[in-house]
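Structure record follows, encoded as structure tokens.
Below, all heavy atoms of this structure are taken into account, side chains as well, without hydrogens, waters or symmetry copies. Computed from a predicted structure; not experimentally measured.
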Amino acid sequence: MPVEKASGKAGSLAEKLARLGLSRREDLLLHFPLRHEDETRITPITQAPQGSAVQVEGEVVECVAHGKPRRQLVAQIRDAGGVLVLRFLHFHKGLENMLQTGTRLRCTGEIREGYFGAEMVHPRLRVVSGETPLPCALTPVYPSTAGLSQAALVRLITQARNGAPLAETLPADFLARLKLPGIWEAIHTLHAPPPGISLEALAARTHPAWRRIKLDELLAQQLSLREAYRARRATGAPVLAGTGELQGRFTAGLPFALTAAQERAAAEIDADLARPHPMQRLLQGDVGAGKTLVAALAACRAIESGWQAAFMAPTEILAEQHFLKLAGWLEPLGVRVAWLSGSMKGKARLTGREAAHTAGLVVGTHALIQEGVDFGRLGLIIIDEQHRFGVAQRLALRQKGQAPHQLMMSATPIPRTLAMSYYADLDVSTLDELPPGRVPVRTRLARNERRPEVVEYVRRRVREGRQAYWVCPLIEESETLQLETALNTHARLAEALPELRLGLLHGRLKSAEKQAVMTDFAQGQIDLLVATTVVEVGVDVPNASLMVIEHAERFGLSQLHQLRGRVGRGTAESSCVLLYAEPLSGTARARLRIIYEHNDGFEIARQDLALRGPGEFIGSRQSGIPLLRYADLERDADLVPLARSLAETLLAHAPEAAKEHRIRWLGKREELLGT
Ligand code: ADP
Ligand code: MG
């Protein structure tokens with residue numbers, strides 16, 4: 001039954017509820033309190049502990065509105081043993097009228113020692129008479145929205161709770177085994193906890209009722225992802241069975257053999273592409289593992305099957321690099337490779353768009369699909385460095401076009417709990433080995449004071465015929481400052497190293513300028529490339545074997561790992577110098593230690609996750625999407641595999657319950673969570 005009818009109220013209430021995502025009775029029932037306050041007891045004022053919420057009851061003995069030094073309302077109440085000040089920093093006339101001398105009040109809040117003795121600031125108030133009974137349940141405090149009072153929410157939710165019980169969707173033996181309450185009991189417990197329940201367990205959300213709800217939510221997510229997976233299986237996609245002809249010519253022309261891991265991944269992808277429903281596969285492999293090559297093989301398969309492939313990268317500079325590399329590989333084989341970027345204007349743009357319609361392979365940034373470029377026969381989308389795009393974009397992309405096959409690539413492996421939740425509908429191939437002959441990068445840490453030595457070191461290495469990157473300090477707050485710093489760094493290094501050929505690369509350069517610098521560097525015309533983090537992703541210049549990162553303590557772990565991955569791509573021994581400034585924060589110190597001790601991106605990602613927690617890790621906090629409301633993938637990690645196996649059980653043995661569960665929890669929200 002829609003809430004509007006249930007409440008009998010007109011549009012505006014329904015609108016406010018809609019803002020909270022509450023449109024059905026189930027939504028209200030599953031709208032749980034942020035916290036609870038204990039109003040079942042009254043504490044004498046003199047015995048009230050400071051620093052935790054209590055309820056006191058007393059009579060107003062005085063109430064004065066002050067105009068100065070700051071407008072505020074100050075009242076005093078008295079009970080049998082003591083006096084308490086109530087202070088309101090913003091108030092309206094109604095409150096002043098309510099606090100008449102002699103009025104009996106129950107006040108809930110934290111007592112603190114103020115200037116005039118014990119006081120409560122903005123307590124919750126209730127006018128009572130001598131006989132007003134105490135509530136027998138804890139008082140819930142709900143997430144709300146402007147103009148919607150707690151009282152109104154409580155009334156609506158209580159009404160919903162007075163209706164027929166929700167059907168149980170979980171098997172009884174499962175609940176018994178885990179000592180979890182039934183859904184109806186859990187709902188009542190959280191909305192109206194009985195007196196005597198552990199407030200700590202409620203607050204920490206470790207109470208069985210909370211665990212039950214969080215498990216329910218995770219289960220709904222699993223069911224939704226499986227539904228998405230099933231729906232994908234039911235969608236048609238071009239069958240890219242290929243002939244192997246183009247792929248064969250491509251590999252035959254390579255100056256090296258594929259690694260076993262590349263062979264394996266390519267075979268998995270080929271098998272998917274030959275099926276009549278869209279692939280959604282993630283290719284993960286450490287920096288330098290050779291993912292681009294695997295992607296090129298997939299593109300060959302699409303092209304030789306008579307379809308087009310699109311290859312997207314997160315930045316223009318990376319997209320252009322890929323374009324050059326892929327064109328270098330495929331054009332000699334007779335494949336037309338087109339370049340299309342967001343910054344192309346006028347005629348170039350038209351030509352690019354025209355080319356996109358007919359080329360075998362189209363390379364560009366995300367603008368490729370976002371601007372609705374008209375492909376003739378798009379069979380495969382390849383997305384490089386997909387971890388840079390975050391969950392929200394991934395979901396957006398998935399909604400976009402179901403039809404073409406999708407291959408996503410990432411150097412940041414997905415931790416287990418995330419893989420089981422947000423990425424549960426992806427198939428995964430892993431490149432677990434690097435091409436042979438790679439010498440691990442030597443990482444050194446140096447305090448900023450040793451910068452002159454580092455400059456000398458760069459001079460020596462360049463004299464030996466090497467090329468180097470010098471990465472400028474990251475200044476997250478301001479792009480202008482960042483640019484200024486880059487210009488300064490470049491000027492200082494030019495002065496210190498006059499005999500070197502320096503280049504400068506930063507985000508404000510036009511894309512043609514960036515490309516010119518990169519080409520010069522790749523061709524050995526530049527010895528030392530001073531760069532901002534634009535070189536972070538994917539840049540590939542094998543002769544560059546030294547990297548200096550200034551203010552390394554400001555960078556994130558995966559960023560450092562990606563940056564360092566720009567060297568060590570050839571066979572020469574490479575090194576990476578991390579300059580840092582003291583004092584170091586605890587996390588900065590931890591990050592530097594991790595990057596110093598580890599070369600393996602998978603291990604670094606694991607430690608990164610431990611340091612930051614999954615929310616930061618996947619970037620869902622930034623995206624602001626309420627992916628999970630109650631469960632926390634870190635604290636409730638143990639529930640994730642349970643939800644997963646439960647989803648399997650339900651789908652196999654109780655598909656109706658599974659459906660009811662999913663709809664109960666997700667309703668309209670479903671698209672955000674997974675489908
Ligand atoms: P990433 O996985 O980080 O995207 P790239 O695809 O950029 O790595 O590959 C890194 C480098 O290794 C490139 O120069 C690429 O040509 C080279 N490479 C890829 N596969 C092999 C291989 N099997 N043997 C030798 N070199 C390879
Ligand atoms: Mg790459």
### Task
Begin with the C-alpha distance, continue with both residues' side-chain angles, and end with the deciding distance and a verdict on side chain to side chain contact (heavy atoms under 4.5 Å, CB included) for His506 and Cys472.
CA-CA 9 Å; His506 57 75; Cys472 300; over 6 Å; no
### Query
Does the pair Leu639 and Glu217 meet the rule for a side chain to side chain contact (heavy atoms under 4.5 Å, CB included), with working shown?
CA-CA 10 Å; Leu639 293 178; Glu217 184 182 38; over 6 Å; no
### Message
Set out, in order, the CA-CA distance, both residues' side-chain angles and the distance that settles side chain to side chain contact (heavy atoms under 4.5 Å, CB included) for Gln515 and Met518, then state yes or no.
### Response
CA-CA 5 Å; Gln515 197 48 50; Met518 276 320 292; 4.3 Å; yes
### Query
Between Ile549 and Cys576, does a side chain to side chain contact (heavy atoms under 4.5 Å, CB included) hold up when you go through it step by step?
CA-CA 8 Å; Ile549 303 178; Cys576 177; 4.1 Å; yes
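With respect to the salt-bridge test (charged N to carboxylate O, under 4.0 angstrom), the residues Lys659 and Glu227 do not qualify. A salt bridge links Glu245 with Arg249; the closest basic N to acidic carboxylate O contact falls under 4.0 Å.
Between the side chain of Gln467 and the backbone N or O of Ile526, at least one donor-acceptor pair lies under 3.5 Å. Remark: the backbone N or O of Val439 is not paired with any side-chain donor or acceptor of Glu573 at under 3.5 angstrom. Within the 3.5 Å criterion, the main-chain N or O of Gly306 finds a donor-acceptor partner in the side chain of Arg377. Of the possible donor and acceptor atoms, none in the side chain of Ser224 sits under 3.5 Å from a partner among the backbone N and O of Ala220. With hydrogens and angles ignored, the 3.5 Å screen pairs no side-chain donor or acceptor of Arg591 with any backbone N or O of Leu560. Judged purely by atom type and a 3.5 angstrom limit, Glu433 uses its side chain to pair as donor or acceptor with the backbone of Ala260.
Not counting sequence neighbours, Glu320 has no partner by the salt bridge (charged side-chain N to carboxylate O under 4.0 Å, His left out) test. With sequence neighbours left out, Gln262 forms a side chain to side chain donor-acceptor pair (under 3.5 Å) with Thr259. A search for side chain to side chain donor-acceptor pair (under 3.5 Å) contacts involving Glu603 returns Arg606, Gln607, not counting sequence neighbours. With sequence neighbours left out, Phe555 forms a ring pair (Phe, Tyr, Trp, His ring centres under 6.0 Å) with no residue at all. In terms of the salt bridge (charged side-chain N to carboxylate O under 4.0 Å, His left out) criterion, residue partners of Arg275 (sequence neighbours excluded) are, by chain and number, Asp272. Glu513 is linked by a salt bridge (charged side-chain N to carboxylate O under 4.0 Å, His left out) to nothing, counting only residues two or more places apart in sequence or in another chain. Annotation: salt bridge (charged side-chain N to carboxylate O under 4.0 Å, His left out) contacts of Arg301 (sequence neighbours excluded): Asp270, Glu304.
Within the structure, the side-chain hydrogen bond (donor to acceptor under 3.5 Å, both in side chains) test picks out the following pairs touching residues 521-531 (sequence neighbours left out): Arg501-Asp527. For the ring pair (Phe, Tyr, Trp, His ring centres under 6.0 Å) condition, the pairs that include at least one residue of residues 297-321, sequence neighbours left out, are Phe311-His322. Residue pairs satisfying the ring pair (Phe, Tyr, Trp, His ring centres under 6.0 Å) criterion with at least one member in residues 268-303, sequence neighbours excluded, are absent. Sorted by first then second residue, the side-chain hydrogen bond (donor to acceptor under 3.5 Å, both in side chains) pairs that include residues 286-298, not counting sequence neighbours, are Asp286-His561.
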Identify each donor-acceptor pair in which a side-chain atom of residues 326-340 lies under 3.5 Å from a protein atom, sequence neighbours left out, and give them as a table.
residue: Glu331; atom: OE2; partner: Val337; partner atom: N; Å: 3.3
residue: Arg336; atom: NH1; partner: Thr358; partner atom: OG1; Å: 2.9

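When all heavy atoms are compared, the tightest approach of Ser558 to Asp608 is N-OD2, 4.1 Å. Of all heavy-atom pairs spanning Lys514 and Leu509, the tightest one is CE-O, 3.4 Å. Here the closest heavy-atom approach between residue Ala552 and residue Leu578 is recorded as CB-CB, 3.8 Å. Smallest separation of non-hydrogen atoms from Ser575 and Val567: O-CG2, 4.1 Å. Across every non-hydrogen atom of Ala241 and Ala274, the tightest pair is CA-CB, 4.2 Å. Heavy atoms only, all atoms of each residue included: Gly379 and Leu240 are closest at O-CD1, 3.9 Å.
The line from CH2 of Trp470 to CG of Leu504 is 14.0 Å long, rounded to the nearest 0.5 Å. To the nearest 0.5 angstrom, Glu648 atom CD is 8.5 Å from Gln222 atom CD. With values rounded to the nearest 0.5 angstrom, Met279 atom CE is found 4.5 Å from Leu273 atom CG. Expressed to the nearest 0.5 Å, how far CZ of Arg461 lies from OG of Ser545 amounts to 5.0 Å. In this structure, the separation between CG on Leu283 and CD1 on Ile382 is 10.0 Å, given to the nearest 0.5 Å. Interatomic distance, Leu666 CG to Leu223 CG, rounded to the nearest 0.5 Å: 8.5 Å.
Side-chain contact between Pro171 and Leu650 is present, with at least one heavy-atom pair separated by less than 4.5 Å. In this structure, Leu170 and Leu215 have side chains that are in contact, with non-hydrogen atoms separated by less than 4.5 Å. Val294 is not listed as a side-chain neighbour of Glu268, based on a closest heavy-atom distance of 4.5 Å or more. You'll find the side chain of Leu254 reaches within 4.5 Å of the side chain of Leu293, heavy atoms only. The shortest side-chain heavy-atom distance between Val541 and Arg566 does not fall under the 4.5 Å cut-off. Using a 4.5 Å cut-off on side-chain heavy atoms (C-beta onward), Ile269 and Leu407 make contact. Side-chain contact between Gln406 and Ile383: present, with at least one pair of heavy atoms (C-beta onward) separated by less than 4.5 Å. Looking only at side-chain heavy atoms (C-beta outward), Ser305 and Val239 stay at 4.5 Å or farther from each other.
With a 6.0 Å radius and a threshold of 12 heavy atoms from other residues, nucleotides or ligands, Tyr596 has its OH atom at or below the threshold. Counting heavy-atom neighbours within 6.0 Å of Arg442 CZ, excluding the residue itself, gives a total of 12 or less.
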